[in-house]
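Everything on this sheet refers to the single structure shown next.
None of the values given here were measured: they were computed from a predicted structure.
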Amino acid sequence: MGKRIFRFSAKTIDWSLNDNAPLTKKLLGGKGASLVDMCQAGMPVPPGFTITTEVCNEYRKLNQPDALQHKLDEFVEKLMEEVMKNMAWLKEQFGYMPLVSVRSGAPISMPGMMDTILNVGLTNQNYEDWCGRIGERPTADSERRLIQMLGSTAYGVPHEVFEFQLAKVKKGFDAKSDADLTAIQLGMVTNAYLAAFMENVNEPFPMDDMEAQLAAAIVAVFDSWENPRAIEYRKLNKISDDMGTAVTVQAMVFGNMGDDSGSGVLFTRDPSTGAKGMMGEFLPNAQGEDVVAGIRTPTNIKAVYDQPEFAGSVWPDVYADLDILCDQLEATYKDMVDIEFTVQKGQLFILQSRTGKRSARAAFKIAVDLVDEKVIDKETALKRLTREQFKTVRRPSIDPKFKSKPAYVGLPACPGVVSGKPVFSAKDAVNCSEPCILVTHETTPDDIAGMAKAQGILTQTGGATSHAAVVARAMDKACVVGCTELEIEKLKLSAVKLVTIDGATGRVWVNEKVPVIDSSDAPEVRMVMDWCMEKTGTCDEAPVDLGMDRPHHVRAAYWWGNMEVFKAVLDGLAELPSRSHITLDLRSPSCFMGKDDDVLGDCFGTLLTDDYVGFKNAMVDELTKRGPALKGLNVDFVEIPALPADYAAFTVLSQ
């Protein structure tokens with residue numbers, strides 16, 4: 001094994017993206033690679049270091065049921081010797097030992113599937129020092145988060161144990177959210193956490209040992225590669241188990257220092273619709289996990305210009321800085337980018353950037369827009385689109401004539417109109433034998449199997465960057481989040497048999513049949529289909545040119561699946577004084593596909609199979625009606641086995 005740990009900061013970068021670009025993500029993972037990239041570009045990134053995927057895979061080989069425990073212990077001990085040397089380097093950057101986050105970072109993005117631990121290194125010995133640096137309340141808040149995160153991930157204390165203790169204290173002081181608790185009240189939460197930890201683990205939490213905390217956090221991230229939700233996600237997305245995950249240890253910046261601090265997630269373009277322009281959310285006085293966990297419903301980043309409470313605050317300036325960073329990152333990635341950020345006392349820091357997950361409809365629009373903007377070429381755009389995405393954009397939308405008022409309105413997270421029986425847990429969704437909608441307060445990474453089984457997802461809390469929203473978009477599954485008026489307990493007790501959600505608008509109907517129509521004819525989808533046909537080199541630039549008198553081919557494959565265009569073409573042909581020079585070619589797009597060229601097939605998807613017979617028959621019926629008006633037309637019926645007598649008006653080239 002070669003070098004195992006790589007540092008990154010504004011001044012020190014152990015790995016250059018120019019050294020061996022193909023290996024960057026393989027060794028450093030997506031997160032580690034993006035941090036190196038942003039440091040090289042001079043962006044505001046807290047310093048840190050990344051432990052490679054090779055180390056994770058070596059750990060996995062030793063961590064087998066029949067392995068010798070002392071071998072594994074020796075491996076971790078030697079790794080920690082290297083880790084502590086890099087921690088000493090981090091200390092040099094600040095003049096004191098920073099607290100750190102420990103995060104996973106696989107070569108392929110797996111949002112929310114593996115573990116993150118924040119505030120590692122906070123101990124009884126340095127607690128007062130941190131009160132002096134960031135304030136008494138942020139320190140108390142960071143301590144209770146550390147115990148909860150590390151206790152759940154590394155020591156197996158059920159997450160609900162900590163949530164129960166937090167809820168008790170909040171209820172006792174009539175606090176609506178964590179941010180409403182004072183430093184003293186947070187200290188009460190911490191004491192309850194420590195007692196709960198001792199009761200469940202039979203040993204005290206390592207509040208006096210920074211190195212023990214760090215070792216436990218790193219091992220927990222390695223182990224999270226094999227947790228059930230990560231395994232299920234890899235299975236659903238056909239990701240190799242052999243990749244392993246890198247581990248990034250990064251100096252903490254604190255979004256929980258007051259209203260001039262906070263954390264957020266944003267996209268450089270709307271991940272649901274593909275519309276150009278920043279789309280994001282943030283929570284003041286919060287750490288990053290609060291945003292993605294969906295525990296609190298965040299604020300739209302654009303609200304800093306609309307809502308009076310942000311007037312005169314740091315947030316409009318933060319927005320302006322983010323806007324500049326969005327342009328820089330899109331120029332680097334040549335794609336839509338997903339960004340995680342933290343603001344500490346008005347200063348912006350970027351914690352992660354990556355190519356953003358998006359809905360199928362957004363994928364088509366972003367691809368077309370980036371070509372129009374001359375950022376990428378058509379060939380690159382086509383490579384970014386898949387057969388599954390084309391199938392998805394053909395899903396129905398609500399009939400505009402339907403005017404019934406929805407029962408609830410939440411935040412649109414992923415387009416699609418789906419209906420089903422409401423179920424209230426991931427387990428119930430997995431076991432449901434009929435189409436169902438997963439209805440819950442918020443989803444967690446452990447819900448991945450139920451989310452995959454459900455037709456759609458509806459949550460009471462969370463925003464468009466919450467776990468439910470991000471994973472739903474990755475699955476292209478209709479999703480509505482932040483439906484705050486939703487009364488889940490009441491819904492459970494009622495006789496509701498049908499819930500319909502519209503992931504494009506956030507509307508929700510209960511026990512009502514919602515009519516839908518085909519929505520596959522979006523301009524960006526038709527544009528991509530045109531590109532695919534151009535790629536074959538077999539189609540004319542226009543369906544028919546009324547001024548031509550030379551031999552001219554009109555190919556149905558060019559606008560395959562669109563009867564309105566077919567009828568318009570026939571109208572034009574009927575107006576010609578003669579059709580003897582025109583050949584109407586009714587072959588489908590599949591006839592023009594080369595053996596090694598799947599681009600066309602990826603674009604047209606099921607149109608080449610499920611919908612082929614229906615469209616072919618519809619064309620035949622339309623031609624039958626218009627036989628006399630199209631006299632003299634040459635028609636290539638190569639794929640149609642038999643013709644009715646009315647086709648005597650045409651010149652049949654093949655049958």
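At a cut-off of 3.5 Å, with distance as the only test, a side-chain donor of T380 or D377 sits close to an acceptor on the other residue. Under 3.5 Å, the side chains of Q287 and S263 contain no donor-acceptor pair of N or O atoms. At a cut-off of 3.5 Å, with distance as the only test, no side-chain donor of Y408 or T484 sits close to an acceptor on the other residue. Looking only at atom types and distance, the side chain of D141 has a donor-acceptor partner in the side chain of N256 under 3.5 Å away. T50 and T248 share a side-chain donor-acceptor pair at under 3.5 Å.
In this structure, R526 fails the cation-pi test against W531, since its NZ or CZ atom is not both closer than 6.0 Å to the six-membered ring centre and inside 45 degrees of the ring normal.
Taking the salt bridge (charged side-chain N to carboxylate O under 4.0 Å, His left out) definition, one finds that D260 meets it with K345, sequence neighbours left out. The side chain to side chain donor-acceptor pair (under 3.5 Å) check on D502 picks up T505, R507, with sequence neighbours excluded.
Proximity of the aromatic rings of Y305 and Y319 is defined here by a centroid distance below 6.0 angstrom, and this criterion is met. Here the two rings, on F310 and F282, have centers that are under 6.0 Å apart.
Counting heavy-atom neighbours within 6.0 Å of M97 CE, excluding the residue itself, gives a total above 12.
The backbone N or O of F49 sits nowhere less than 3.5 Å from a side-chain atom of Q250 that would complete a donor-acceptor pair.
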